[in-house]
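First the structure, in the form of structure tokens, and then the observations on it.
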Amino acid sequence: MLATAQTPTHTPPTPTQIVANQVARLTKLLDLNPMQQTQATEYFTTEEAALAIVRTAMHTARTAIQADIKNGNKADISTQAAAIGTLTTTEVEAQATADAAFYAILTQDQQSKYETLGHGGGFGGPGGPGGPGPHGTH
């Protein structure tokens, strides 16, 4: 009898772990003080909660649009495309809001360092405070 190889399963990090890792990384890079760490945790936790809702709704909309494509349902394709657009706006807004709140609590020196790390003009996009992650930015 042949033994079957089992593929190890990867458990993605929880939102709490994502935020903790992000804040730890930023603390190391920018020398955040305890108050800044607490505030950053709050901002990025709020962001992750919003993004979890967006990810679920986006998955639903993309699944629906694939079914609509197969069925030639043009009216529903338009509806799902509009939903995806709205969800993308919500995603960018959540990321940019957290990034703006975080940036505002940094000292001028920290802001300068943050910008030299490539984050100054990239708020709300890839390479934001947490780097690439499950939603592409943090």
Side-chain angles (χ1 to χ4, degrees):
M1 179 173 194
L2 294 174
T4 58
Q6 291 188 5
T7 304
T9 58
H10 171 71
T11 304
T14 66
T16 301
Q17 291 168 327
I18 292 169
V19 171
N21 291 340
Q22 182 177 354
V23 172
R25 180 177 162 270
L26 290 167
T27 297
K28 184 176 180 179
L29 292 171
L30 302 174
D31 194 29
L32 300 179
N33 66 42
M35 177 63 82
Q36 289 172 316
Q37 292 173 38
T38 298
Q39 291 173 302
T41 298
E42 177 186 324
Y43 304 146
F44 298 132
T45 297
T46 300
E47 174 192 18
E48 279 300 316
L51 293 177
I53 294 167
V54 168
R55 281 190 291 272
T56 299
M58 188 73 81
H59 176 75
T60 300
R62 289 189 176 171
T63 300
I65 204 168
Q66 288 302 313
D68 293 336
I69 289 167
K70 291 176 185 175
N71 295 326
N73 190 339
K74 292 179 183 176
D76 283 349
I77 288 172
S78 180
T79 299
Q80 295 306 325
I84 290 169
T86 298
L87 290 166
T88 300
T89 299
T90 302
E91 177 183 41
V92 171
E93 182 179 10
Q95 293 166 341
T97 299
D99 289 343
F102 175 70
Y103 191 79
I105 65 168
L106 299 177
T107 65
Q108 189 171 17
D109 287 343
Q110 288 170 322
Q111 287 175 349
S112 294
K113 182 164 185 174
Y114 191 63
E115 291 168 11
T116 65
L117 295 170
H119 300 289
F123 295 110
H135 52 80
T137 57
H138 301 283

Practice task
Please report the shortest heavy-atom distance between Gln37 and Leu32, naming the atom on each side.
Solution key: NE2-O, 3.1 Å
Practice task
For residues Ala81 and Ile65, report the shortest heavy-atom separation together with the two atoms involved.
Solution key: N-CD1, 4.0 Å
Problem - Check: Asp31 and Thr27 side chains under 4.5 Å, non-hydrogen atoms - result: no
Exercise for the section: Could you tell me whether a side-chain N or O of Asp76 sits under 3.5 Å from a main-chain N or O of Thr79, the two making a donor and an acceptor? Expected result: no
Practice task
Taking all non-hydrogen atoms of both residues into account, name the closest pair between Ile105 and Ala40 and its distance.
Solution key: CD1-N, 4.2 Å
Practice task
Flag yes if Met58 and Val92 sit in one hydrophobic cluster, no otherwise; membership is Ile, Leu, Val, Met, Phe, Trp, Tyr, and two members link when side-chain heavy atoms are under 4.5 Å apart.
Solution key: no
Exercise for the section: Look at the aromatic rings of Tyr114 and Phe102 and report parallel, tilted or perpendicular, splitting at 30° and 60°. Expected result: perpendicular
Practice task
Identify whether Leu30 and Val19 are in the same connected component of the hydrophobic contact network (ILVMFWY, side-chain heavy atoms under 4.5 Å).
Solution key: yes
Handout entry: side chain to side chain contact (heavy atoms under 4.5 Å, CB included) partners for Thr14, two or more places apart
Key = Thr16, Gln17
Practice task
Determine yes or no for a side-chain-to-main-chain donor-acceptor pair under 3.5 angstrom, with Asn33 supplying the side chain and Met35 the backbone.
Solution key: yes
Completion exercise
One should read off an interatomic distance between Gln95 CD and Glu93 CD, to the nearest 0.5 angstrom, of 11.0 Å
Problem - Pair listing, side-chain hydrogen bond (donor to acceptor under 3.5 Å, both in side chains) test, anchored in residues 56-70, at least two apart - result: none
Exercise for the section: Check whether any side-chain heavy atom of Glu42 sits under 4.5 Å from a side-chain heavy atom of Thr45, and report yes or no. Expected result: no
Exercise for the section: Check whether any side-chain heavy atom of Asp99 sits under 4.5 Å from a side-chain heavy atom of Phe44, and report yes or no. Expected result: yes
Handout entry: Heavy-atom closest pair, residues Gln80 and Ala64
Key = CD-CB, 3.7 Å
Exercise for the section: Look at the side chain of Gln110 and the backbone N and O of Thr107, then say whether any donor-acceptor pair between them is shorter than 3.5 Å. Expected result: yes
Practice task
State which residues pass side chain to side chain contact (heavy atoms under 4.5 Å, CB included) with Ala50; sequence neighbours excluded, sorted by chain then number.
Solution key: Ala94
Exercise for the section: Answer whether the closest heavy-atom distance between the side chains of Arg55 and Leu51 falls below 4.5 Å. Expected result: yes
Fill in the blank from the handout: Heavy atoms of Leu106 and Gln36 approach each other most closely as CA-NE2, 3.7 Å
Practice task
Answer yes if Leu87 and Ile53 sit in the same cluster of Ile, Leu, Val, Met, Phe, Trp and Tyr residues linked by side chain heavy atoms under 4.5 Å apart, and no otherwise.
Solution key: no
